[in-house]
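Remarks on the structure that follows.
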Amino acid sequence: MNNRYVIIGGVAAGATAAARLRRQDEEAEITLVEKGPYVSFANCGLPYFIGGDIKRRSKLLLQTPEGFWSRYRVQVLLNTEAVEIDRAGRRVRVQSGEGERWLNYDKLLLAQGGRPVVPPNIAGLGREGVFTLWTIPDMDKIDRYIKQRQPQSAVVVGGGFIGLEMVEALRARGLDVSLVELAPWPMITLDSEFGARIVQTLRQHGVSVYMEKSLQSLGPATAVLSDGTELAADLVILSIGVRPNLELAQNSGLKMGDRGGLWVDEYLCTSDPDIYAAGDMIEIVHRVGQEKTRIPLAGPANRQGRIAAMNMAGGQEVYRGGLGTSVVKIFDITVASTGLSEKAAQGMGKDVVGILLVKDNQVSYYPGGEPLMVKLVVDRSSHRILGAQALGKLGVDKRIDAIAAALMGKLTLEDLAETDFAYAPPYNSGNDPLNMAAYAGLNHLSGYSVQLSPQQARELKESGAAVVLDVRTALETSDGYWAGSILIPADELRHRMEELPRDRAIVIVSKDGYLGHVVARQLRQHGFPNGGYVGGGWFALEALLENQEIIRA
């Protein structure tokens with residue numbers, strides 16, 4: 001008898017698994033059960049359709065039931081919900097508008113993904129104009145509401161991927177937008193230097209940003225925050241988080257993980273040997289942290305669907321975990337990360353150092369270059385790279401992808417310093433920003449040139465243990481400098497060293513950090529206390545300072 005495979009859930013993991021199973025077994029009976037009206041769609045593209053970047057809705061529909069049948073001979077049941085698994089009898093009970101029936105299986109794949117979190121007990125949540133964005137019908141409702149009702153104001157609750165993409169999309173549709181986030185900065189998985197730059201970018205593009213506040217209640221056209229702030233809110237997008245769809249698995253007695261997801265082994269098999277799982281609903285191993293976690297991203301879901309299908313068909317391929325590599329566009333900047341942040345690594349008890357660098361994405365003499373901020377998270381003793389973050393207008397994604405490969409290979413700072421990156425003036429410098437970040441890391445760890453994070457610099461200044469020396473030019477400091485700083489351009493320093501104290505450490509601020517390193521070496525050789533330079537210079541520091549801390553001409 002032919003093998004019988006049932007897949008519950010489409011989109012990324014489920015659709016990928018169905019196609020892979022057919023390539024493994026031409027004679028198998030494959031049935032895909034999807035609760036919604038679409039089997040495979042580009043859910044990552046939904047905000048871009050609302051914002052107008054994607055013009056044709058049909059572009060988001062990646063496959064249809066008819067397409068699946070003609071190409072793969074996969075039977076797709078849309079608008080059909082799996083409500084019960086009879087593990088002993090190896091069958092699934094499904095319900096649709098046509099009634100209910102049982103589907104028999106030899107192997108079953110759960111790929112039910114997740115759903116947006118909707119906070120309970122918020123007064124007015126049922127009012128008109130309140131949406132989540134997760135599916136094509138969600139997108140259609142938002143697009144139709146904007147066209148028909150022509151709202152003037154919007155509040156987006158939650159500063160994750162979808163929240164930030166929707167902020168931009170709604171601004172593109174002409175709305176006044178406010179972002180509300182409970183955490184100290186958007187994209188809380190990033191470190192504060194990057195969160196501060198994201199907030200700065202949002203405000204530069206006309207977005208009102210409310211951090212460390214939550215949504216308290218909704219009126220007919222208003223949103224009230226936890227501190228009493230009242231915002232205009234003709235339209236509200238809830239983007240607070242994603243909860244895995246686990247009810248079917250829980251009711252079937254499958255083992256749950258410790259991080260809120262479904263437990264699977266290295267073969268993506270659940271506690272039942274005939275049931276596999278993939279995608280947003282499962283817990284996986286973080287390739288760097290080696291802890292179980294949930295990584296609800298499309299890339300890992302696709303790979304998991306592929307591997308699960310191979311193992312359902314008799315293979316023994318191990319899924320070794322994920323890195324959480326991600327990228328997001330926020331107006332005119334790109335922000336990306338991979339591996340562990342400094343904060344996450346410290347939370348795991350790891351002794352790490354964060355190295356921050358700002359450098360143009362290409363040579364300065366070729367037109368069109370833009371500052372690129374890169375942070376490496378490095379194990380202090382082994383120098384192994386554990387993660388990275390990057391932000392800028394150009395070249396961000398390729399640097400993070402390079403570090404993702406470095407993480408897979410367990411490379412060190414020494415390895416990164418010696419890596420040959422492609423160079424031509426329109427694309428790069430002779431020393432790639434990643435080379436330079438590795439040099440800075442090695443200099444810091446050896447004590448040759450100590451780098452301070454913007455937070456460390458602030459702590460030293462506020463404690464009185466250090467003075468701040470700003471070595472930028474007069475033209476550069478005319479745009480703003482840290483209150484209380486000593487202003488001496490680097491090229492004048494050798495003739496003005498008597499203006500510096502010798503009884504306190506000196507924190508050096510330069511435009512992007514590099515000249516700060518040069519001056520730090522100079523002062524050290526003249527016997528000044530070894531304070532250090534601010535990594536990323538004024539580019540990184542300015543976004544973290546309050547307005548009252550900055551003196552502007």
Side-chain angles (χ1 to χ4, degrees), residues 9-19 34-64 67 111-117 131-143 156-173 179 186-187 189-190 198 237-245 278-282 284 294-306 322-338 390-391 396-398 400-401 404:
V11 193
T16 298
E34 170 54 48
K35 184 178 179 181
Y38 300 97
V39 60
S40 181
F41 63 92
N43 55 351
C44 295
L46 305 184
Y48 299 104
F49 176 81
I50 293 173
D53 298 288
I54 297 172
K55 306 298 182 184
R56 294 172 56 190
R57 180 180 179 276
S58 60
K59 291 287 188 181
L60 299 172
L61 306 178
L62 305 180
Q63 190 56 276
T64 64
Q112 295 170 277
R115 62 183 182 276
V117 173
F131 304 95
T132 57
L133 179 63
W134 197 246
T135 65
I136 293 280
D138 294 338
M139 179 192 77
D140 290 339
K141 290 176 185 177
I142 295 170
D143 184 56
V156 176
V157 184
F161 293 105
I162 295 176
L164 291 173
E165 290 164 353
M166 280 305 297
V167 163
E168 182 175 353
L170 294 172
R171 285 294 292 149
R173 295 288 287 264
L179 174 67
M187 299 296 291
T189 54
L190 303 176
I198 292 172
I237 303 292
L238 300 177
S239 183
I240 297 171
V242 178
R243 178 180 292 118
N245 291 320
D280 293 0
M281 65 187 298
I282 69 171
I284 63 172
R294 288 183 54 242
I295 301 179
L297 295 171
N302 276 285
R303 288 186 287 278
Q304 292 158 21
R306 182 178 188 273
L323 296 171
T325 306
S326 63
V327 63
V328 62
K329 175 183 177 293
I330 307 171
F331 292 101
D332 58 349
I333 68 167
T334 300
V335 185
S337 67
T338 188
L391 178 152
V396 171
D397 52 339
K398 86 171 188 177
I400 286 299
D401 286 343

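Quick caveat, the model's predicted, so the values are computed rather than measured. Residues take their numbers from the sequence shown, with the count starting at 1.
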Any [X] side-chain heavy atom under 4.5 Å of [Y] side chain:
X	Y	answer
L190	I198	yes
V11	F41	yes
L164	L179	yes
V327	I400	no
M187	V335	no

Item to complete: Enter the distance from L62:CG to T64:OG1 here, rounded to the nearest 0.5 Å.
Response: 10.5 Å

Worksheet item: Rounded to the nearest 0.5 Å, how far does CD1 of I333 lie from CG of L391?
Response: 4.0 Å

Sequence neighbours left out, what passes side chain to side chain donor-acceptor pair (under 3.5 Å) with [X]? Give chain and number order.
X	answer
N43	none
T132	none
Q112	none
K35	none

Worksheet item: Going by the salt bridge (charged side-chain N to carboxylate O under 4.0 Å, His left out) test, which pairs reach into residues 324-334, not counting sequence neighbours?
Response: E168-K329, D332-K393

Provide the closest heavy-atom pair for [X] versus [Y] in the form atom of the first, atom of the second, distance.
X	Y	result
S326	L297	CB-CD1, 4.3 Å
A336	V396	CB-CG1, 3.8 Å
G279	A301	CA-CB, 3.9 Å

Using salt bridge (Lys or Arg N to Asp or Glu O under 4.0 Å) as the criterion, list what pairs up with [X], not counting sequence neighbours.
X	answer
R294	none
R243	none
D138	none

Item to complete: Would you sort out whether N245 and M281 count as a side-chain contact (heavy atoms from CB on, under 4.5 Å), showing the intermediate values?
Response: CA-CA 6 Å; N245 291 320; M281 65 187 298; 5.7 Å; no

Kindly write out the residues that satisfy side chain to side chain contact (heavy atoms under 4.5 Å, CB included) with [X], not counting sequence neighbours, or none if the list is empty.
X	answer
S239	I162
Q304	L268, A278, I282, I284, P300, Y319
A298	C44, N302

Item to complete: Run the numbers on I136 and L61 for side-chain contact (heavy atoms from CB on, under 4.5 Å), then give the verdict.
Response: CA-CA 9 Å; I136 293 280; L61 306 178; 4.1 Å; yes

Enumerate, atom names and distances included, each donor-acceptor pair closer than 3.5 Å involving a side-chain atom of residues 45-57, sequence neighbours excluded.
{"unit_1": "Y48", "atom_1": "OH", "unit_2": "E165", "atom_2": "OE2", "d": "3.4"}
{"unit_1": "K55", "atom_1": "NZ", "unit_2": "G52", "atom_2": "O", "d": "2.7"}
{"unit_1": "R57", "atom_1": "NE", "unit_2": "D140", "atom_2": "OD1", "d": "3.0"}
{"unit_1": "R57", "atom_1": "NE", "unit_2": "D140", "atom_2": "OD2", "d": "3.4"}
{"unit_1": "R57", "atom_1": "NH2", "unit_2": "Y38", "atom_2": "OH", "d": "2.7"}
{"unit_1": "R57", "atom_1": "NH2", "unit_2": "D140", "atom_2": "OD2", "d": "2.8"}

Worksheet entry | From CA spacing to verdict: salt bridge (charged side-chain N to carboxylate O under 4.0 Å, His left out), R173, D143 | CA-CA 10 Å; R173 295 288 287 264; D143 184 56; 2.9 Å; yes

